[in-house]
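Below, chains carry the letters A, B, ... as their sequence lines are ordered, and counting in each starts from 1. Heavy atoms only: backbone and side chains are in, while hydrogens, waters and symmetry mates are out.
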Amino acid sequence: AGCSSGGSGGATGGGGSAPPLVIHAVDAGTFQEDFNPYHLEGVNFGTSGMIHETLMYFNKLKPGEITPWLALGHEWSDKGKSLTFTLRQGVKWTDGQPFTADDVAFTFQMLKDNPQLNRNALEIEEAKALAPDKVRIDFKNTSYAKLFNIAGNSPIVPKHLWEKQQDPATFTNPKPVGTGPYKLSKFSAQLYEMEKNPSYWQPGKPEVPVLRFPAYTANAVQTALQQGEVDWAGAFVPDIQKIYVQGKPEQNKFYFPPEGVVTLLPNLTHPILSKPEVRQAISLAVDRDKIVQVAERGYTKVAHPTGVPMPGGEAYVPDEYKAAAYKVDLAKAKELLKGVDPAKLKFTLLVPSPFTDWVNAAQLIREDLAKVGITIETRGVAFQDWVSKVGKGNYDLSIRATASGPTPYFQFRSMIHGSLFKPVGEAATGNYQRWKDAETDRLIDEYAATEDEAEQQRVTQALGKIMVEKLPTLPLFYSPSWAQFRTNKYTGWPSEQDPYAMPSPYTSPDAAVVLLHLKPAAK
Amino acid sequence: MKIKIGAGILVFFTLMALLGPLLISADPAATSNDGLQGPSAEHWLGTTQTGQDILTQIVYGARISMGVGLLSAVIATVFAVLVGLVGGYFGGAVDETLSVLTNIFLVLPALPLIIVLAGYLPQRGVASVAVVIAVTGWAWGARVLRAQTLSVRRRDFVQAARAGGEGPFRIVFFEILPVLLPVIATSFLATVVGAILAEAGLSFLGLADLSTVSWGSMLYFAQNGQALLIGAWWWFIPPGLCIALIGTGLALVNFGIDEIANPRLRTIKVRKARA
Amino acid sequence: MRFLARRLGFYLLTAWAAVTLNFLIPRLMPGDPVELLVARMKGNVDPAAIDAMRRAFGISDASLWQQYLAYLGNLAQGELGRSITFFPTEVSTVIADSLPWTVGLVGVATLISYLVGTSLGVLAAWKRGTWMDGVLPAATFMHAVPYFWVALALVFVFGVTLQWFPVSRAYGLDVMPGLTGEFAGSVVYHAALPALTIVIASMADRILGMRNVMVTTLGEDYVVMAEAKGLTSRRVMWAYAARNAILPNITSFALSLGFVVGGSVLTEIVFSYPGIGSMLLKGVENEDFPLMQGIFLVISLAVLVANFLADLAYVVLDPRTRQESE
Amino acid sequence: MIVLEGRNLTKHFTAARGPRGRFGKRPPVRAVEDVSIALRAGTVSALVGESGCGKSTVARLLAQVYPATSGEVLLRGEPVRAHRGAAFKDYRRQVQLIFQDPFASLNPFHRVRYHLARPLRIHGHVRSDAHERELIAELLERVSLTPVEQFMDKLPHELSGGQRQRVAIARALAVQPVALIADEPVSMLDVSIRLGVLRLLERLADESGLALLYITHDIASARYFAEDITVMYAGRLIESGPSEALTQSARHPYTRLLLESAPDPDRVTPPEATRHGEPPSLIDPPGGCRFHPRCPVALPVCSSEAPGRTELGEGRWTHCWQADPASAGSVLTS
Amino acid sequence: MNVLEIRGLGVDYLSGSGVVHAVTDVSLDLRRGEILGLAGESGSGKSTLANAVARLLRPPATITSGSVVYHREDGSSLDVLALKREELRRFRWKELAVVFQSAMNSLNPVSTVGAQVDDVLRIHAPAMSRNERTDRVVELLQRVGISADRRRSYPHELSGGMRQRAAIAIALALNPEIIIMDEPTTALDVVVQRDILHEIRALREEYGFAVVFITHDLSLLMEISDRIAIMYAGRVVETGTARGLHKTPRHPYTLGLLRSFPRLHGPREELLGIPGTPPDLRSLPPGCAFHPRCHLTVAECSSILPELTPGSTEGAVACLLNGGSGVGEEES
Ligand SMILES: Nc1ncnc2c1ncn2[C@@H]1O[C@H](COP(=O)(O)OP(=O)(O)OP(=O)(O)O)[C@@H](O)[C@H]1O
Ligand SMILES: Nc1ncnc2c1ncn2[C@@H]1O[C@H](COP(=O)(O)OP(=O)(O)OP(=O)(O)O)[C@@H](O)[C@H]1O
Ligand SMILES: [Mg+2]
Ligand SMILES: [Mg+2]
């Protein structure tokens, strides 16, 4: 795909008259002055995407759709151990310096030198500028599967400024200089503002002149949404019709596309839960529709049995299961449980108690499973406790969201890859239910060893089949990605019909892509 | 009078906690499709967002809230009695150590400490929350009891018991302890109030076990579900009111006890002289 | 002054205990902040990066003893480490940003609550048998109401329903912090409801406590004597009765400060007030050891200082305790 | 026969409160200094002195509630050394104490029966429950609390002050002591009921051969109930003698002052109006004779040296520089 | 002649367990410049009576009957029980002052002795300048034997005797007509007590105020007072001159009291004492309240309430014996 600009030229010239856009991305009481895009939580939203840009843009809503950004193209060599980018020319840093391959090489070299910034664990060997518009990055291992992390999730920083920093890990980049469509114009603990970069490389863009980021806590943003203070938010709203929509669905819009999947984790080291028929029975007994309606308030959808986010992931779903959907079948569930000692059908269901929707879902699961003779004790624990217990495998059943990525592969890898298997008692970082299956591992490794999209899709479909048939974990519903946007100032937001980017303001660099699509609303 | 009203409130809630679940034998966490209903004939106190019946939750929550309150007050009081009486009676280095310990716990801000402790709590069951609250709640009682013990120790009947040959154990627990019962009762009741409030606070912060229904967790969910913004007053008023009422009941009984000990504290009706 | 020296010694000891407790609690409990971070970041972080990050956050495997010494050493230099939640911001910076809000809010609210509560307590005791007795049931009730519930109720009534007051943050969005009237006005306006919460919820204790001591004091011979001397009621009430009754209340007031601070933590959370309470909760949720430790320490020390000030006040106000006190 | 004797008893308290001196050490309260006193079987002796002069401290030293700073206590001529264990328990059995305030000396929580049963049990006087009951009944009868059945199950607050003091006496008697120290046993009682309690004590000494120390600030009652009187001032003994002789012709100026000051409607001439000043502080007592600052006849030596004991014959002695053993009459010529 | 006349005064305490008739139908006269002693056992209503006169009773006490009339020297009189707040304030201390039992407790612990004297002057003599007041304070303190530099001392820095003197100094500040002294010396030892009694007598000579002196120590009263009233169970059972009462007590209770005190001088008389215990004021025995403890009781004592009737000598007695004149010569 090309540069999906779609810019019909400045409808409102200059931008002086266009109103600022008020954005709430993440809950915060106050802001710290931190614009280092490689910091995890302290960094202020907008740093990557709006200020610091990535080499390419990966649309997670359309797996496989990749847009050139700072890089115009890429090329693998050395069996996936070497990656060469061709860079866009004429791009300038906001301080006027030209953007070159040196900056890209510097960025990746910095990740190599500062492992704590290397949150994607890229196995970088060396990054070298070959020419002003050519840069090559060498890896220790085959890294085809990490293209997203390299090109889509590593914002480029200016060498001429960053190389002066002694410790980039603690550098807070208070006066960020980037290539992006915006630059920081104002900062205070409660509010920061960005204004458009007049010399942005996409001519005529962006059309939103000023972005305002007020600090709202999870609580405060609700009031703000109700009172129309915020134009674009990524918040969980308990009762979206009452609090936000307020009877104006054409103006107060929201769009909650899937981002990963929430599954019911069965601990496979448990003698009873390791039986496929038991997992099958559980899956048949759980009324996922009700969970989605009651616990998730209808904000999301029941997951596809493969766990692949739909719509969008069609290409990654095996044909025979394209139309598959969950159906409650208590009779069949009971049938499956015939051979199991009913006295042993007692499990605890561990949920992190701050996640109230999951607590409610657990409650519903308890009610459902009771109907087929399975006794569930739901236990709400502290988030930390839950992380530690699930990580170490000290649980019977739990609920957990999987990691997500630009293709379903990322999800499968973290969900069921044997390399993440850890014995009970040792903290795992994925595959929490402890699935061990040679075929699964072979398939995942095959994916990582190829650059070919068709091949990748085939492998992913096979993994989906395993999900449906062997039930290593039981998908429940998609994790919704939260996005509320009001159309009274700007239009052009992503929608189910045109999912050109993740609509949530907290996903980067997608949010920047969205901003570049926005146009002042017609008066 | 105060005691009567206070005891009335307490009896009401105790009965509610003990018998309520027998009368309303529904699952307090059970969800239904009629969410966010205001009070009606079917749901006397309305429903939560997920259609849980608030009355049922209040009734079942009474057990947890009062249970935590009582349990931690019992633990704290036992501790306070031991520390206070032993320190006060034996004096010397034992007392010095114990009073420094007491004073430390007294000045350390309790709730932040509870929050920090609870934040690390591996298990957030009723018992462990109660223990954490007790850990931070015994010091006041111990201090009061120590001061009282110091004065009772000097009282002649203690001296007389000692002169009569009683051993220290018997003096502490048979001579001093009974005399301090009203003080212990007062400190116990005050601790219950404190513990109920602390549990509510913890639950409200989401730091207690939220899968069990307590008044605090109800408030947590109400706050989380933006009951305020939606105008669902029936969701957050009842649990808070229950906490406040139970606290009021306990306080009334407490003040009643105080008034028996110190009749001056009574409110009085000024009657016209019958000339 | 020996009395004060003794007290000072005690406070130093307590401060040390708080510091040590602070050091020990997180280390005796399970949990790992980096794991949490990864869990929260849902795939934005590759698990393989965990070790490097753990090191960056200063989580060390040194022996407890060494860690303790290092901790004390850092503390002595005023270094509280870097927050994990707000990495790489220094904990001291986070605290410095949030503490003034809490101190201002709690300070002013407590002052108001103390003055009003004490006065009401004095009056309630003085005017026994009149309508003032009606204050007591109300105070008894308020005494048992959770801070956050008062906060919720105020938000509901004045924030949501009547929309008279803002219900979150410390000053208006468009107001730039500075020494301007506009900023000050905005701060006061935003602090109104949180302060009211603290006043309402903490005042009851002052009323009841003051009344009880006052009633006892009113029975003292010197008050009866003052009355017999034909002094005006005002003078008897304030200069004789209240002046004495306030003494035992100073200590209980100082001790209750810890409670008020606890309550204000909850209040801040309801009102999204950018104070130390919100930060503490954030620290706890993220298992941010350095932040929690720093905040708990600061709160403890603040309460200690307040207690010490109360001791000072006591010494100034009571000619008898210039020697010793329990 | 001397049953209980204190020799050169001295007690210094380190005050728990009060100003500290240099180096943060508080000066001691010199409550009792060099007091020797002997109690004889079947005899009531009185210890008289104004409030705060150390009477109770002497009583407690004799009863070994706390140890003396120096000096020793002898029981039947044997020095008492043990402060715990069986030997001490035995001492407790022999020497009992009755307190000033009957309202405070009975635990409000326990019934009369319990108060009497405990000492009986502790000291192993009971063989069975029935025996215990019998003994209790006997005790109550001895202190004239009849009908005993009615009193046995009463709580202290159901008793009048006099009755309570009787229970306290019965409790002391329960251990079957040989010496009884009564520390102002009636000063808290109403005038009209004091007599009954005092008579009971007198009778007990008489009938059971108890050695009884009657401590009081009312020298007139000592005249009536005690055989001999010892007068104490600011922690020291100053004069002693048979009660009649001492009250009728006191030798020490302080005793005379005490006698003069005691209200007496029979007095013909009112005592002269001179100010006598306040009793001295025991933290920093006056040097020499502790009475010298208030003494109308003080000599220079009085302020520098404490007077020794002057025997006056007939069992009388005094500590005064002006005492003259030769002249049997008044010490003072004035 | 009389500076204060109490007529038929009754005071009740409304307590939870019943009404305590602390003072019942008491009539008494206080003559100008005299010392009137008020004696009786603990709980007989002495303090209640004094407080009623000073209008210091607090709930739950209520005055149920009677009147208290105060006569000024110029002949005008005041109904004390009917005084309004402001009038009462002026009446107190200018006309009537009080000295309480324990001076430690009647002095404000947090202000200096001087300030507490000054307080009175400031309120009641607003015309006085600051210096005049200071002079007066010094004068008053010196008058009762406290040196001028002690006026800056706090009560806890003074000895018991000095505190009691300070309390008396405060009472004297405005030259009142009447000083009520409620057990002013019980907390002191005899020597100091003696000094203070002298002081009071001397001051009385000097200023000519009348004193109501309350104590349960009858022998003390007999020495200091001019006239004495004996109270039993809320009633005045006998009045008379100190000398008369000492020589010929008319009421068996007075007799009992007198015979309870051991004497220091003269022969060792036999002590009588009074059997039994003081009555419960909530349910008094019918007739004469003293009859259950009386050794001379006659049949009517348990049914007829004796009136206080003037006897042959100056004084009055409420006793049925000998036709209402109380104990005769032979019985005593
Ligand atoms: N435990 C103690 N610690 C310090 N000082 C004490 C202690 N007990 C008594 N004193 C002091 O010792 C002195 C003598 O006290 P003691 O009780 O023996 O006097 P007392 O003659 O019995 O007086 P009273 O007539 O008031 O009972 C007093 O000054 C008292 O303050
Ligand atoms: N506040 C009160 N409530 C109920 N009863 C009271 C109250 N104050 C006093 N009394 C009762 O009133 C009676 C008279 O008390 P009052 O104090 O006048 O006696 P008193 O003669 O002064 O005794 P004392 O010699 O002990 O001072 C007593 O029986 C007492 O119990
Ligand atoms: Mg004594
Ligand atoms: Mg009295």
For the pair B:Trp138 and B:Phe105, name the ring-plane relationship: parallel under 30°, tilted 30 to 60°, perpendicular over 60°.
tilted
Once the angle between the rings of A:Trp358 and A:Phe355 is folded into 0 to 90°, is it parallel (under 30°), tilted (30 to 60°) or perpendicular (over 60°)?
perpendicular
Specify which of [options] makes the most heavy-atom pairs with chain B at under 4.5 Å.
options	result
A:Val237, A:Thr223, A:Asp239	A:Asp239
A:Val351, A:Thr378, A:Ile243	A:Ile243
A:Lys242, A:Gln293, A:Lys290, A:Arg297	A:Arg297

Is the positively charged end of A:Arg400 above the ring of A:Tyr432, judged by distance under 6.0 angstrom from the centroid and angle within 45° of the axis?
yes
With only heavy atoms counted, which part of A:Val359 is less than 4.5 Å from chain B, the side chain, the backbone, both or neither?
side chain
Is it the side chain or the backbone of A:Gln363 that comes within 4.5 Å of chain B heavy atoms, both, or neither?
side chain
Only one of A:Tyr244, A:Phe254, A:Tyr299 passes ring-ring contact (aromatic ring centres under 6.0 Å, His included) with A:Trp482, and that residue is A:Tyr299
To the nearest 0.5 Å, how far apart are CG in B:Asn224 and CZ in B:Phe204?
9.0 Å
